[in-house]
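First up is the structure itself, then whatever we jot down about it.
Every chain is numbered from 1 and lettered A, B, ... according to where its sequence line falls, protein lines coming before strand lines. Quick caveat: nothing in here was measured; it's all calculated off a predicted structure.
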Amino acid sequence: MSDIEVLLPDGSTRTLSDGATALDLATQIGPRLAKDALAAVVDGELTDLETPLFNGATVSIVTPKSDLGREVLRHSSAHVLAQAVTRLWPGAKYAIGPAIDDGFYYDFDLPGGVHFSDDDLERIDEEMRAIVKEDQPFIRSEYSVVDGLALFADQPYKVEIINAVLANATPEDLAEVASPSVVSTYSNSPAFVDLCRGPHVPSTSHLGHFKLTRVAGAYWRGDEKRPQLQRIYGTAWESEEALAAHLHQLEEAELRDHRRLGQELDLFSFPTEIGPGLGVFHPKGGTMRRIMEDYSRARHVAGGYEFVYTPHITKADLFEVSGHLEWFAEGMYPPMELDDGQKYYLKPMNCPFHTLIYKARQRSYRELPLRLFEFGSVYRYEKSGVVHGFTRVRGMTMDDAHIFCTREQMTDEIKSLLEFVLDLLRDYGLTEFHLELSTRPPGKAVGTDEEWEEATATLAQVAGSAGLQLTLDEGGGAFYGPKISVQAKDAIGRTHQLSTIQLDFQTPQRFEASYIGADNARHQPIMIHRALFGSVERFMAVLIEHYAGNMPTWLSPEQVRVLGVKDAHDDYAFDVASALRLEGVRVGLDEASEPLGARIRRAKLEKIPYIVVVGDDDVRSGTLGINARGSNDPERGVTLSEFRDRLLSEIASHGSPEVN
RNA sequence: GCCUGGGUAGCUCAGUCGGUAGAGCAACGCAUUCGUAAUGCGUAGGUCAGGAGUUCGAAUCUCCUCUCAGGCUCCA
């Protein structure tokens, strides 16, 4: 028997006897590795440990504490979930069960149309732990398509997957089988066989650090028109500590939920009397929003924008010309019908209105680019199940602008616009971005192929030269044009879609907008739609979550609260507050009717950047005690002028007390 | 829109087997005057989301509607 030689990731080589598997390799390297090993990567292909190696192969062993390892154990956990469900509900049909970020899920169709309830999760969890204890090996088998179809004769979803792969293999389908001509399965006991490409952990005993999290409905193959299956979600990790850390992180995320902080900090609410997805801003949230908007306005003035205002409703005609009634009607509120039979719609977008402003008179090429800006409130009829705090609403205000320019100007205009966007977002404290390019939505778009190609190529060129990571969102554009969207990463690593920049050849055409060029001829302008916050409400929600409610000083509704130690100090406290207010600082005063500790506690819970405490010493020497947010170590004896200078410079630089 | 689970005082929540409503915080009043995260006592506050039904009797059981959360689909 001849030997084979394999290459390890560190560049070294190992000699093994012919027919040796990845597990044999791991064993040869060390018993610890053999014990930990879950799978292997052979020449870039993720595969089972049982896979025989061949001469010259590059092999790495996959262990639990790696992304690949976690993916394998999550995928295997999904199989155990399915096995547990088929034990508890004999006759259950199982559909697909992949690994996802942080966990896994599996979709089921229970006999008699039964649905899982939350209580079932506990039973399933117990059954899964029993299976783990049974230490069942995952055994791979391969069948012909015919045999595969016979094997899964009583599993209609599996049959559908096999047939779909035969007909037209999508990457999603291929995840479930080996290749279009070979049906691969894994069984971890004779009683449970699943269609799967693999690989899997050697046996169920490698699993166990999991938690089933929720049950949800999910459409078969993600299609609203197909039957809805019962999905169970779980999370799984390589160790109890990693699982606990993940659960802890979820709790942390919950603490910064803007809906919760909006309530706790008295910023805004969603009165049920008004309706779903329609929020109101309380004075503190209103202050925060006003500051956000004012700063944006100032930047837009500097950026050459002109400010316009337009109504919230319009005759149907306008949206017929724009194409919204043809392409966007299901996102619009139903019309109001007036006595004379005229239909009026609430506006879901501002662009047609701005186009009419453009068209209000003859335009010259000398006016272009013409940049029209509006904090425009729009209303969209979102499906009832999708509204979510201020991140998905039915009424919102966009920091919307439409730029009319010539075809020659558009590339430069988009380039400088992208810089403007990123610069502005950084001023609000977001620093990590990537871009997404959304292309023509198939079957839902107006305009010629050439126009779409030119617009998409222009955006791609600008996005590519921005030096940021660029991802492609195939078919995600608006009906009138492709778009670049700016995705920002927040403090706990989540990404949020914020700004969108859309290039539109269609609207000017539909409205017959034109300008007179230097050649004294009529030309059609190009239109750029752009919103930097996206919606003001949502941007505020993102910032609140990013900062966990600890807003930088310039955005805090109350920047300083002054407390007298006892009521003999209230006059001095008032003077301090007045002096700061003269400088434009938002200052609150909490008089000494309660113990100092209680007032400090309340101010801390309100996340006010600076608590100023004044007592006898301060009255005597004209100083302050400063208790900054994020610190439990107050500074004593600071002069008013020193504090004022520090505070004003922090506000001007958009800083926070935490980072000083 | 669909699936699962919720809705009890301003907020967070308890309420057993169907027997007529409870706490903490907040609010209000009185007292307390205090140097860095909760002073004490008292008062008031509820058509138990809304409607219908079952029952001698419903926060509790059934149905419908509204609404919230987590998913799916869709999306800024």
Fill in the blank from the handout: If pairing means Watson-Crick or G-U wobble with both distances under 3.5 Å, then the partner of rC61(B) is rG53(B)

Exercise for the section: Ignoring the backbone of Asp616(A), work out which of rG35(B), rU67(B), rG1(B) is nearest its side chain. Expected result: rG35(B)

Problem - Pair assignment for rG70(B), Watson-Crick or G-U wobble, requiring both distances under 3.5 Å - result: rC3(B)

Problem - Residue matched to rC34(B) through Watson-Crick or wobble contacts both under 3.5 angstrom - result: none

Exercise for the section: Using a 4.0 Å heavy-atom cut-off across all strands, classify Thr272(A) as base, sugar-phosphate, or nothing. Expected result: sugar-phosphate

Completion exercise
Note: for Gln263(A) and His569(A) on RNA chain B, the residue whose nearest nucleotide lies more 5' is Gln263(A)

Problem - Phosphate-side-chain proximity, Arg260(A) and rC68(B), N/O vs OP1/OP2 below 4.0 Å - result: no

Completion exercise
d(Lys347(A) NZ, Thr310(A) OG1) to nearest 0.5 Å is 2.5 Å

Fill in the blank from the handout: Across every strand shown, the nucleotide meeting Watson-Crick or G-U wobble geometry with rC17(B) (both distances under 3.5 Å) is none

Handout entry: Complementary nucleotide of rC75(B), counting Watson-Crick and G-U pairs under 3.5 Å
Key = none

Practice task
Treat primed atoms plus P, OP1 and OP2 as sugar-phosphate and everything else as base, then score nucleotides 36-41 of chain B 5' to 3': B for base contact with protein heavy atoms under 4.0 Å, S for sugar-phosphate contact only, - for none.
Solution key: BBBB--

Problem - Selection: residues 433-442 of chain A, any non-hydrogen atom under 4.0 Å of RNA chain B - result: none

Exercise for the section: Assign the ring pair Phe104(A) / Phe210(A) to parallel, tilted or perpendicular, where the plane angle (0 to 90°) is split at 30° and 60°. Expected result: perpendicular

Exercise for the section: Could you check whether the rings of Tyr480(A) and His529(A) sit parallel, tilted or perpendicular, using 30° and 60° as the cut-offs? Expected result: parallel

Completion exercise
Protein-proximity profile, nucleotides 71-76 of chain B, B/S/- by nucleotide at the 4.0 Å heavy-atom cutoff, equals BBBBBB

Practice task
Any chance you could measure Ser499(A), atom OG, to Phe539(A), atom CZ, to the nearest 0.5 Å?
Solution key: 7.5 Å

Practice task
For Phe116(A), answer base if it contacts any base atom (sugar-phosphate contacts may also be present), sugar-phosphate if it contacts only those atoms, and nothing otherwise; contact means non-hydrogen atoms under 4.0 Å.
Solution key: sugar-phosphate

